[in-house]
**Student:** 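Just dropping this structure here.
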2 protein chains.
Amino acid sequence: MKTNERSGTQPTASDVARAAGVSRATAARVLGGYGYAGSEARELVLNAAKRLGYQPNQLARSMATGRTKTIGVVVADIENLYFARAIRAITDTANAKGFDVVLANTDENVDLERSAVRVMLAKRVDGLIVSPASSVEVDHLVEARKMGCPFVLLDRRVPILQADSVAIDNFAAAHEAVSAFVGAGHKRIALVSNSSLQGGQKYLTSPVRERLEGYKAALQDAGIRVDSKLAIFGAGDNDNLARKVRNLCQSEERATAFLAVTSAVALVILSVFREVGLSIPGDVSLICFENADWTIAVTPPLTVISQPIKELASAVTERLIGRLEGDLTSPSKETLLAATLISRGSVNTPSLD
Amino acid sequence: MKTNERSGTQPTASDVARAAGVSRATAARVLGGYGYAGSEARELVLNAAKRLGYQPNQLARSMATGRTKTIGVVVADIENLYFARAIRAITDTANAKGFDVVLANTDENVDLERSAVRVMLAKRVDGLIVSPASSVEVDHLVEARKMGCPFVLLDRRVPILQADSVAIDNFAAAHEAVSAFVGAGHKRIALVSNSSLQGGQKYLTSPVRERLEGYKAALQDAGIRVDSKLAIFGAGDNDNLARKVRNLCQSEERATAFLAVTSAVALVILSVFREVGLSIPGDVSLICFENADWTIAVTPPLTVISQPIKELASAVTERLIGRLEGDLTSPSKETLLAATLISRGSVNTPSLD
DNA sequence: CTGAAAGCGCTAACAA
DNA sequence: TTGTTAGCGCTTTCAG
């Protein structure tokens with residue numbers, strides 16, 4: 001049986017060549033858009049292709065060229081507004097540059113992340129954009145690099161990797177928010193996160209760690225003692241976190257201002273406030289990270305820290321594509337983007353109980 | 001130069017074979033997990049593979065088998081909570097069945113959808129899950145089918161395609177919500193959507209169309225005249241939609257109850273209410289589709305229609321994989337899942353102005 | 001400008 | 001059980 005037989009349903013470049021009456025190489029050249037081709041041959045091929053409904057096979061193309069024009073994106077939580085927006089922006093800028101995107105979700109779980117990276121390597125993506133779940137267990141990223149698959153870190157930094165990264169200046173953002181509280185007269189200011197503090201600070205992701213540091217620094221700069229009881233960490237479990245917040249609200253020396261590390265945390269805090277009868281901004285003040293749409297629909301509208309997600313995503317994508325297109329040598333770079341404090345109605349002078 | 005030379009960085013199955021001292025076929029058999037292999041040969045190969053850091057090349061594998069074990073997901077808006085959750089659930093169940101997922105976003109734009117589908121076909125995904133932006137322009141889906149790439153519709157139905165689909169029973173859900181309003185004594189009930197009504201109802205996506213129909217039917221069942229001024233459609237533009245809602249709120253015969261087609265629309269409505277000084281549930285009642293997290297953080301908590309997204313996504317994925325694994329013949333099936341009305345604090349008896 | 005032929009890394013008959 | 005031999009559909013020298 002000849003190799004050029006009809007193989008089933010999908011027409012191949014050979015089929016087109018035969019239908020056009022030219023050689024496979026010529027057909028392939030015009031279909032693939034490379035090499036020379038006479039104008040009449042081109043015409044013939046294009047017609048035949050249209051007639052047969054030819055669709056190029058990217059697998060075969062990648063197989064031959066060794067490049068897939070695809071970048072893999074590995075994020076911790078696609079249901080998180082912040083990452084959803086980032087993914088959206090990443091695919092937009094990648095597409096604009098001729099790259100496709102494949103996505104994987106890790107649920108903040110290192111094992112899932114490891115296997116996601118493995119799958120991407122097997123699919124031979126040209127490069128990776130990753131928001132690593134851990135700043136310690138990064139062996140799979142080291143391996144990716146070793147296999148010649150460059151990566152850029154999204155939103156999270158991992159110093160030991162010496163990798164390219166694009167993130168928010170979380171230290172400055174937290175510092176600014178806390179300073180705003182201080183400026184309004186607050187002294188007992190709480191930081192609330194749903195990350196687990198297990199194993200110590202170094203196991204926190206860099207954004208959370210840096211926000212904590214910015215928080216402490218701002219207090220110190222204002223001459224306020226840092227009270228560890230005011231820094232609350234959950235464990236991904238909202239009920240548990242709510243309990244801790246409730247305790248703090250009902251203690252003798254309750255906080256008068258709260259900085260929520262994410263909008264999801266702010267939601268938990270709001271429900272506790274309602275439950276214990278604290279009202280914003282009369283009784284307590286609140287600022288949260290992430291400018292979620294709903295924050296202007298509550299009463300009062302929330303003062304938030306808005307992050308330039310689109311810029312972040314474009315920057316990370318462009319950095320990676322830069323690497324892919326030849327810039328293998330320049331040293332790794334950590335890019336930090338500034339967040340913006342948007343003042344709305346949730347910060348006020350503390351009431352004197 | 002022999003073909004088995006070290007080609008650069010990535011070791012191939014041949015490299016492993018040579019290092020293990022067996023034939024390429026044997027090595028391939030154990031590495032690929034198919035065919036027979038003696039236990040000592042297997043041992044040898046596995047060791048060599050580990051030593052060289054062998055990673056299989058999926059491209060080559062797919063090339064040879066004709067299957068990629070990958071499904072393409074094409075959604076209208078990844079930033080939309082509803083789709084984000086669906087994507088998450090789809091990847092989870094696909095992974096559990098040994099499939100990878102590649103994702104594309106279309107922004108509700110048919111041209112982007114067309115090109116996304118084309119890319120997926122070029123990547124030779126085994127099948128597609130699509131929430132089509134249009135129920136009219138579906139030529140690319142017809143083409144996909146013709147090329148032997150099965151697809152299942154997610155959340156949206158397109159009768160003319162005669163395709164498998166899994167969606168919510170939107171008619172019943174809207175009917176139930178409106179009946180709840182009626183039961184509380186409302187007569188002037190509005191439906192608000194940000195879809196464009198341009199070109200008539202048939203251009204609406206099926207969920208919006210069916211919600212509109214359920215809304216009308218419920219009114220008729222209650223003996224209430226359907227007033228077209230009470231069905232508000234935007235055009236994706238929030239400011240414009242807000243203006244229309246404001247007009248309705250300030251007109252002589254304002255509505256006393258609002259059914260929002262999405263949580264994003266509810267946000268727009270809430271801001272208008274605040275602006276014109278209408279309070280829930282004293283002055284107006286509100287129900288919205290989508291059980292977004294924030295709906296319990298506003299005052300009062302919103303009565304919502306909760307959709308079983310996870311079940312929806314599992315069902316759609318399983319249906320597709322079923323098709324992929326041999327069930328090519330059975331007729332297409334439209335699955336409808338029931339939504340649930342969750343009563344919270346935003347529905348009340350209408351005030352008498 | 002066009003055609004012939006080799007090869008990307010793997011799977012899959014078939015023979016030994 | 002193992003090895004041999006064809007391909008999968010495309011790109012890419014290298015001659016003609």
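In what follows, chains are A, B, ... by sequence order, proteins preceding strands, each numbered from 1.
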**Student:** Take atom NZ of A/Lys123 and atom P of C/dG9, then tell me their distance rounded to the nearest Å.
**Tutor:**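 Taking NZ of A/Lys123 and P of C/dG9, I get 18 Å after rounding.
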**Student:** I need the OH-P distance between A/Tyr34 and C/dT2, as an integer number of Å.
**Tutor:** 14 Å
**Student:** Quiz question: by atom type and distance under 3.5 Å, do the side chains of A/Lys97 and A/Thr317 form a donor-acceptor pair?
**Tutor:**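 No donor-acceptor contact under 3.5 Å links the two side chains.
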**Student:** Evaluate side-chain hydrogen bond (donor to acceptor under 3.5 Å, both in side chains) for B/Ser332 paired with B/Asp164, printing each intermediate quantity in order.
**Tutor:** CA-CA 5 Å; B/Ser332 71; B/Asp164 288 314; 5.0 Å; no
**Student:** Name the residue from B/Leu141, B/Leu154, B/Val75 that meets the side chain to side chain contact (heavy atoms under 4.5 Å, CB included) definition with B/Val130.
**Tutor:** B/Leu141
**Student:** Ignoring backbone atoms, test whether B/Ser23 places a side-chain nitrogen or oxygen under 4.0 Å from the OP1 or OP2 oxygen of D/dG3.
**Tutor:** yes
**Student:** D/dT2, C/dG3, D/dG3: which one has an atom nearest the side-chain heavy atoms of A/Ala25?
**Tutor:** C/dG3
**Student:** Measure from CD on A/Gln10 to C1' on D/dG9 and round the result to the nearest Å.
**Tutor:** 11 Å
**Student:** What pairs meet the side chain to side chain donor-acceptor pair (under 3.5 Å) rule with one or both residues in residues 26-42 of chain B, with sequence neighbours excluded?
**Tutor:** B/Ser23-B/Thr26
**Student:** Taking all atoms of both residues into account, what is the closest heavy-atom pair of A/Ala48 and A/Ala20, and its distance?
**Tutor:** CB-CB, 3.9 Å
**Student:** To the nearest angstrom, how far is A/Lys69 atom NZ from D/dT11 atom P?
**Tutor:** 14 Å
**Student:** In whole angstrom, give the distance that lies between atom CG of B/Leu31 and atom C1' of C/dC10.
**Tutor:** 11 Å
**Student:** Take the protein atom CZ of A/Arg24 and the nucleotide atom P of D/dC10, then report the distance between them rounded to whole Å.
**Tutor:** 10 Å
**Student:** Could you state the atom-to-atom distance from CZ of A/Arg18 to P of C/dG3 in whole Å?
**Tutor:**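 Nearest whole value for this atom pair: 15 Å.
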**Student:** Categorize A/Ala13 for me: base, sugar-phosphate, or nothing, with a 4.0 angstrom heavy-atom threshold over every strand shown.
**Tutor:** sugar-phosphate
**Student:** Give the minimum heavy-atom separation between A/Ala163 and A/Phe151, together with the two atoms involved.
**Tutor:**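 Looks like CB-CE1, 3.6 Å.
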**Student:** Any salt bridge linking B/Glu318 with B/Lys333? Criterion: basic side-chain nitrogen under 4.0 Å from a carboxylate oxygen.
**Tutor:** no
**Student:** For DNA chain C, determine which residues of residues 53-68 of chain A have any heavy atom closer than 4.0 angstrom to one of its atoms, and list them numerically.
**Tutor:**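 Heavy-atom contacts with DNA chain C come from A/Met63, A/Ala64.
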**Student:** Respond yes when some side-chain nitrogen or oxygen of B/Tyr36 is under 4.0 Å from OP1 or OP2 of D/dT2, and no when none is.
**Tutor:** no
**Student:** Measure distances between side-chain N and O atoms of B/Arg29 and base N and O atoms of D/dG3, and say whether any donor-acceptor pair falls under 3.5 Å.
**Tutor:** yes
